[in-house]
Every structure is written in C-alpha cells, then in structure tokens.
Amino acid sequence: MTFAFSKDTVRKAISAHSALGLVCCALLYLICATGTAIVLYEEFQRLEQLDAPEMIAIAPASVQRGIENVLASEKGKPATTHLYVHLPSEALPRTTITTDTQAVHIDRQGEILVPEENAWAEFLLALHYRLNLPALYGMTLVGLFGAMIVALSVSGIVAHPRIFRDAFRLRARRGDDVATLDWHNRLAVWTLPFALAIALTGAMIGLFYVSGGAVAAAAYGGDSEAALAPVFGGEPEGDATPAPVPDVAPALAYMEREYPEVNPYYVILHDPGTAGQHVQVIAEHPRRLIFGEYYAFSADGEFRGTVGLADGTVGQQVAASMYNLHFGNFGGLPVKIAYILFGLALTVVVATGTFIWFDKRERRGQRSTYLRAAWWGLVAGVPLGLVATLLARFALGNGAPFVAIFWVVCLIAIAGPLLLARRTGAPAGARAGRVRVAEG
C-alpha cells in the first residue's frame, strides 16, 4: 500500500521540516549565547545592586546575629524549612541570608540593611538553565542540546578530514560563503576541547532530573532524596518540636581551627527552630574543581563529619566537579575571560553553521529566503533582548517583566527581517552574488 501526496503538500512538509530544524538551531544558539553571559553571574549581581554592603570577611558572631535578626523578622509567619547564609567570597563579597520567603543583605555587625535585588541575574540564569520553562522540562531540554553539541562536534570532525590540517587557514577577507565556512571550521577546531567539556557537563547537569528520577523509581521506590544520598549525603530524621535557634558560631570557629586550608562560603540551617535542626557548612577547596565539601554540625556546633565530595568515591568527586567546570567558577578572572572568549566562539560556530546550511540548500535550488531572514533576526534578537532586559532592570526596577520583554524583543527582531524579505524578496544581510563552495 502506498500513499501519494500532492507536490504542494510535499513542499509544505519540507518547509515545516526545515522550520523545525531552525527552531532546534535557535534554541542551541540561545543556550550558547546565554551560557557565555552567565559566566559573569556574580558580577551582574553586584552591578544590579551597587548599594549592597560588601566586605572581605564577616565574624562568626555577626553571622549568628544576622540569622537571629532574620528569623525574628519572620515571627508570626510560616516557619522556614531552610535558611541559607552566603558568606563573602572573592567573586561576590557580600553576606546574604535567604529563607523560604525572603533574601536580605546584612552588614558586618549582622544587621539587616536591604533586600537582595538580583532578579535580572536570576532571569539570565533561568534562561540558560531551563529556557524559562518548568525545571523538569527545561533542564531536560537543555541537557539534550548539550548531547547534541557533542554529536555535532564529533560528526563535524568526521565530515571534514582536513579540519585539523587546515586549522590556521582563514580566508576572512573574502566577502562570500568561503569566509563564513572558514570562520565556522576554524573556530570549531580552536574551541573543540572547550565545546566538548561544556557540552558533556551541560548534558549531565541538564539531565540530572531525568536520571535522578529514573534511579529513584528503579531502586529507591520513587524517593529522590534517597537516590541522591550516596552522592550528596542524606537528610537525618526531622523533629518538629520547637527548639532554640542553632548557634553557627562554634561551627564556623571549628572550620577556621581544624580546616584552615578551605574557604567556607555557605552555611545552611535545616529546619531551624526545631529539635531536628542541623547545620551544614559548604567550603571551597583551593585548586580543586569540586564546588565544595559539606561539613555537618549539630545545632550546638558539634562536628559530625563530611559527605565525601572532596575525598570520597570517584563518582562523588566527578559529580561535584560538573558545575564549576561548566560555568568556569575556578581560577578567578583569567578563567572567566577564557570562558567568555570560547563561549563567544562557540556561539559564532552555531550561527555560521546555520548560514552554511542555508547556502547548501540554495545551491541545490531550494530557496531559504524566509528561513534565512528569521535566522538573521534571531541572531541579532537574542543579544538585543538581553540588553533590553538589562536596561529594563535599571529603568523599571527589580520587578520588571524580564521574560516577557526578552521574548517580545526576540519576536520583533525576527519579524523585521521577515517583513523586509517579503517586501524585497531577499533577507536582511543577504549578499548578492554568492560563491560556490567546494564541499568537504
């Protein structure tokens, strides 16, 4: 039995298929562009709130006073289940306390000064992490695109046997398709180790929800916390009986005395104000890729051990290294600059790869007028959308509708070239007189 479709139906199906491919390329471009920007996550937070108090360090007693002040400010409200204290670090020299309902900056004495206002940096992080979608769907999608970059990198090497031999052959002055192809191939070679590292770690981070849920369903009766406990540690049994606020000062003093080589940068209070409360200190280990080690303490400051991210199984140490390796949170400013340059190069590779695809279609006689116009619009629209949201942050404040502004700007940027292409028959940025490029 055979199915016969009209030529018009087939033509429309091909156009729909091409448009779907363009959507995938668009998301990949968006992920690469926002990933480059998010390298400066801490710097953007400081830029957003220049009046927040900054300090190199804070005394343990002041941290305790800040915790007590924040919990006192929430008296009469539903009790917070977790309280987080961000201690001053080189990248973000501020002390911030976050609960289930608020986040505030405190000064060196532990007094509450101003609410934390970093909504634009959080928007940018969510855009890269999950494309502003719900966490499960967004992170899974981003993880799949990480795997796609790995596949594209490997297939690109196989498809171009001379790619390494021609690594420094760049005909950039030619104003035709040859220059586009050379930029794409050269940047792809120069950034290959970076692209593979970023893509693999991004895939692992993005697919965390899916893989964790699968393991929990298969071996832990659907208990996600139990499934992750062998890697990141488990939660002890809770006890909701009211109890005094825990004292974190002895825990911080213990860290300074017993572990002077590490840098504590986070304190977590689990179920504060209850008999089941306990304290965790996350400390960075210099010259290590791990994001830190968890040091556990009782409510009165008694040390209870570590999770093992620094010296446990190989799997634990690898899992703890994914985040810093992906975002460049190691090595200070030189590493951040390198990540930005490589990230920009990877973004250009994605953009030029799509233009090369259009060129090949057109050499086969398949017009790409509207697809090319839409791609030009997106390539310009993503950075324009990010700039527009940042300007909105300073003009409208922390509550500006960043998601709506970004996507509206992107849609307008895409619509402009499409309308121009419809009127003139050629997309914005298209060159007259294309040159045939020898394939391979």
Taking distance alone, no hydrogens or angles, what donor-acceptor pairs closer than 3.5 Å link side-chain atoms of residues 389-401 to residues at least two apart or in another chain?
unit_1 : atom_1 : unit_2 : atom_2 : d
Thr389 : OG1    : Trp120 : NE1    : 2.8
Thr389 : OG1    : Gly385 : O      : 3.1
Thr389 : OG1    : Leu386 : O      : 2.8
Arg393 : NE     : Glu48  : OE1    : 2.6
Arg393 : NH2    : Glu48  : O      : 3.1
Arg393 : NH2    : Glu117 : O      : 3.4
Asn398 : OD1    : Asn118 : N      : 3.4
Asn398 : OD1    : Ala119 : N      : 2.9

Quiz: residues 240-261 side-chain donor-acceptor pairs under 3.5 angstrom, not counting sequence neighbours:
unit_1 : atom_1 : unit_2 : atom_2 : d
Thr241 : OG1    : Asp239 : OD1    : 2.8
Asp247 : OD1    : Ala249 : N      : 3.1

Name each donor-acceptor pair under 3.5 Å that joins a side chain in residues 53-62 to protein atoms two or more places apart or in another chain, with its distance.
unit_1 : atom_1 : unit_2 : atom_2 : d
Glu54  : OE1    : Arg46  : NH2    : 2.8
Glu54  : OE2    : Arg46  : NE     : 3.0
Glu54  : OE2    : Arg94  : NE     : 3.1
Glu54  : OE2    : Arg94  : NH2    : 3.3
Ser62  : OG     : Arg108 : O      : 2.6

Do any side-chain atoms of residues 198-207 form donor-acceptor pairs under 3.5 angstrom with protein atoms, and if so which ones, sequence neighbours left out?
unit_1 : atom_1 : unit_2 : atom_2 : d
Thr201 : OG1    : Ala197 : O      : 2.7
Thr201 : OG1    : Ile198 : O      : 3.1
Thr201 : OG1    : His326 : ND1    : 3.0

Pairs under 3.5 angstrom only: tabulate donor-acceptor contacts from the side chains of residues 299-308 to other protein residues two or more places apart or in another chain.
unit_1 : atom_1 : unit_2 : atom_2 : d
Asp300 : OD1    : Ser298 : OG     : 2.3

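Considering every non-hydrogen atom in both Leu344 and Thr36, the closest pair reads N-OG1, 3.6 Å. Taking both residues in full, the closest heavy atoms of Pro272 and Leu71 are given as CB-CD1, 4.4 Å, listed atom of the first, atom of the second, then distance. Closest approach of Ala26 and Leu378 over heavy atoms only: CB-CD2, 3.2 Å.
Stacking of Arg372 on the aromatic ring of Trp376 is not recorded, the 6.0 Å distance cut-off and the 45° axial limit not both being met.
Side-chain contact between Leu30 and Phe406 is present, with at least one heavy-atom pair separated by less than 4.5 Å. For the pair Thr98/Leu83, no side-chain contact is recorded, criterion being any heavy-atom separation below 4.5 Å from C-beta on. Between Thr354 and Tyr29, the closest side-chain pair of non-hydrogen atoms is not below 4.5 Å. Proximity of Phe291 to Asn329: side-chain heavy atoms (C-beta onward) are nowhere separated by under 4.5 Å. Phe402 is not listed as a side-chain neighbour of Leu127, based on a closest heavy-atom distance of 4.5 Å or more. Between Cys25 and Trp375 there is a side-chain heavy-atom pair separated by less than 4.5 Å. Inter-residue side-chain proximity for Ser89 and Glu284 is flagged as unmet; no heavy-atom pair is nearer than 4.5 Å.
The salt bridge (Lys or Arg N to Asp or Glu O under 4.0 Å) check on Arg130 picks up nothing, with sequence neighbours excluded. Evaluation of the side-chain hydrogen bond (donor to acceptor under 3.5 Å, both in side chains) rule for His105 yields Gln49, Thr96 as partners, not counting sequence neighbours. The salt bridge (Lys or Arg N to Asp or Glu O under 4.0 Å) check on Glu42 picks up Lys336, with sequence neighbours excluded. For Val335, the side chain to side chain contact (heavy atoms under 4.5 Å, CB included) partners at least two apart in sequence or on another chain are Phe330, Tyr339. Residues satisfying the side chain to side chain contact (heavy atoms under 4.5 Å, CB included) test with Leu196, not counting sequence neighbours, are Val150, Ser153, Leu192. Remark: Ile38 pairs with Tyr41, Leu124, Leu125, His128, Phe327 by the side chain to side chain contact (heavy atoms under 4.5 Å, CB included) rule, at least two apart or across chains. Evaluation of the side chain to side chain contact (heavy atoms under 4.5 Å, CB included) rule for Val349 yields His184, Leu187, Ala188 as partners, not counting sequence neighbours.
Here the CG-OG1 distance, from Leu28 to Thr347, works out to 9.0 Å after rounding to the nearest 0.5 Å. Atoms OG1 and CG, from Thr99 and Leu269 in turn, are 11.5 Å apart once rounded to the nearest 0.5 Å. The CD1 atom of Ile290 sits 11.0 Å away from the CD1 atom of Ile282 when rounded to the nearest 0.5 Å. Between the CG atom of Asp311 and the CD atom of Gln316 there is a distance of 8.5 Å, given to the nearest 0.5 Å. Between the CG atom of Leu333 and the CG atom of Leu40 there is a distance of 8.5 Å, given to the nearest 0.5 Å. Here Leu92 contributes atom CG and Leu87 contributes atom CG; the two are 11.0 Å apart, rounded to the nearest 0.5 Å.
No more than 12 heavy atoms of other residues, nucleotides or ligands sit less than 6.0 Å from atom CD of Glu90.
Asn69 contributes no side-chain N or O that, together with a main-chain N or O of Ile112, makes up a donor-acceptor pair within less than 3.5 Å.
His270 and Gln280 are linked by a side-chain donor-acceptor pair at a separation below 3.5 angstrom, with hydrogens and angles left out of the test. Checked by atom type, the side-chain pair Thr80/Glu74 shows no donor-acceptor distance below 3.5 Å.
Under a 4.0 Å N-O distance rule, the pair Arg65/Asp107 does not qualify as a salt bridge.
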